[in-house]
Undergrad: 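Have a look at this one before I ask anything.
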Amino acid sequence: MIRVLLVDDQNIILEGLSLITDKLETIDVVGQASSGSAALDWAQKLKPDVVLLDLSMPDWDGVKTTRELLSLGLGLKVLGLSMVEDVPRIVAMLRAGARGFLWKTCTSVELEWAINRVQQGSFAVTEGIIDLVLPELLFDDQPRKAVLSPKERDVLRSLALGVSTKEIAFQMGISDRTVEVHRNNLMKKLGAKNLADLTRYSIKHGITPLE
């Protein structure tokens, strides 16, 4: 039996997963947690083989929780779950060490397959998600070590977090026009074509940590 810890901030999802996994012969749900920090505590107590982990939670998201869980050195595997197509965050979670990813709309057959795959040390990413994340995982046509000024890094970090130009200007004590100049310089310096490219670069290079 594969020992599984369920982690999701929505009780109805936890209840649904419990009902599904109770019917799977190879799965034994040993515990549930409703936050990333609670997942860390339960993982240390229960020592599961696999943690079925929600991508979006109010305290720690799936990216930070994955990093924290794997830092425990327990040999557990992380399998991500999401309802939304948050591609940058899904990619970041996989880069953080998650061994697979599923939509919450997956079937019980897919769920059991994925849990068994990751427990065995393989990867389990459903076809629909592969189509979304593979281009991002292979996205490597930007400079690896572009030299950015402190202000450019601050602007890039805020842009990647979805902060508006006016808010960035207010926070940094500069004009809206200056923010736009920094943004244009970043686009040129990083070879970015749009805000999505800037966001990918920022996340990939740790300028905007997903925590």
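What you see below is based on every heavy atom in this structure, not just the backbone, and it leaves out hydrogens, waters and symmetry mates. Here, residue 1 is the first one in the sequence, and each next residue gets the next number.
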Undergrad: Any side-chain heavy-atom pair from Asp61 and Lys64 closer than 4.5 angstrom?
TA: yes
Undergrad: Is the side chain of Asp49 donor-acceptor paired with the backbone N or O of Arg3 at a distance under 3.5 Å, no angle test?
TA: yes
Undergrad: Which salt bridge (Lys or Arg N to Asp or Glu O under 4.0 Å) pairs, counting each pair once, include a residue from residues 158-175, with sequence neighbours left out?
TA: Lys166-Asp176
Undergrad: Is there a donor-acceptor contact under 3.5 Å from the side chain of Asp197 to the main chain of Arg200?
TA: no
Undergrad: Test of understanding: with side chain to side chain contact (heavy atoms under 4.5 Å, CB included), list the residues that count as partners of Asp86, not counting sequence neighbours.
TA: Leu55, Val84, Pro88, Arg89
Undergrad: Taking side chain to side chain contact (heavy atoms under 4.5 Å, CB included) as the definition, give me every residue that meets it alongside Asp22, ordered by chain and number, with sequence neighbours left out.
TA: none
Undergrad: Can you check whether Leu53 reaches Met93 side chain to side chain, under 4.5 Å on heavy atoms?
TA: yes
Undergrad: Please name all residues satisfying side chain to side chain contact (heavy atoms under 4.5 Å, CB included) with Glu85, sequence neighbours left out, ordered by chain then number.
TA: Trp103, Leu132
Undergrad: With salt bridge (Lys or Arg N to Asp or Glu O under 4.0 Å) as the rule and sequence neighbours excluded, what pairs involving residues 98-116 come up?
TA: Asp8-Lys104, Asp54-Lys104
Undergrad: To the nearest 0.5 Å, what is the distance between NZ on Lys189 and CG on Leu198?
TA: 12.5 Å
Undergrad: In the hydrophobic cluster built from side-chain contacts under 4.5 Å, what are the other members alongside Leu81?
TA: Ile2, Val4, Leu6, Ile12, Ile13, Leu14, Leu17, Ile20, Leu24, Ile27, Val29, Val50, Leu52, Leu79, Leu102, Leu111, Ile115, Val118
Undergrad: Is there a path of hydrophobic side-chain contacts, each under 4.5 Å between heavy atoms of I/L/V/M/F/W/Y residues, joining Val30 to Val78?
TA: yes
Undergrad: From Leu70 CG over to Lys77 NZ, what is the distance, rounded to the nearest 0.5 angstrom?
TA: 9.5 Å
Undergrad: With the threshold set at 4.0 Å, does a side-chain nitrogen-carboxylate oxygen contact exist between Asp154 and Arg157?
TA: yes
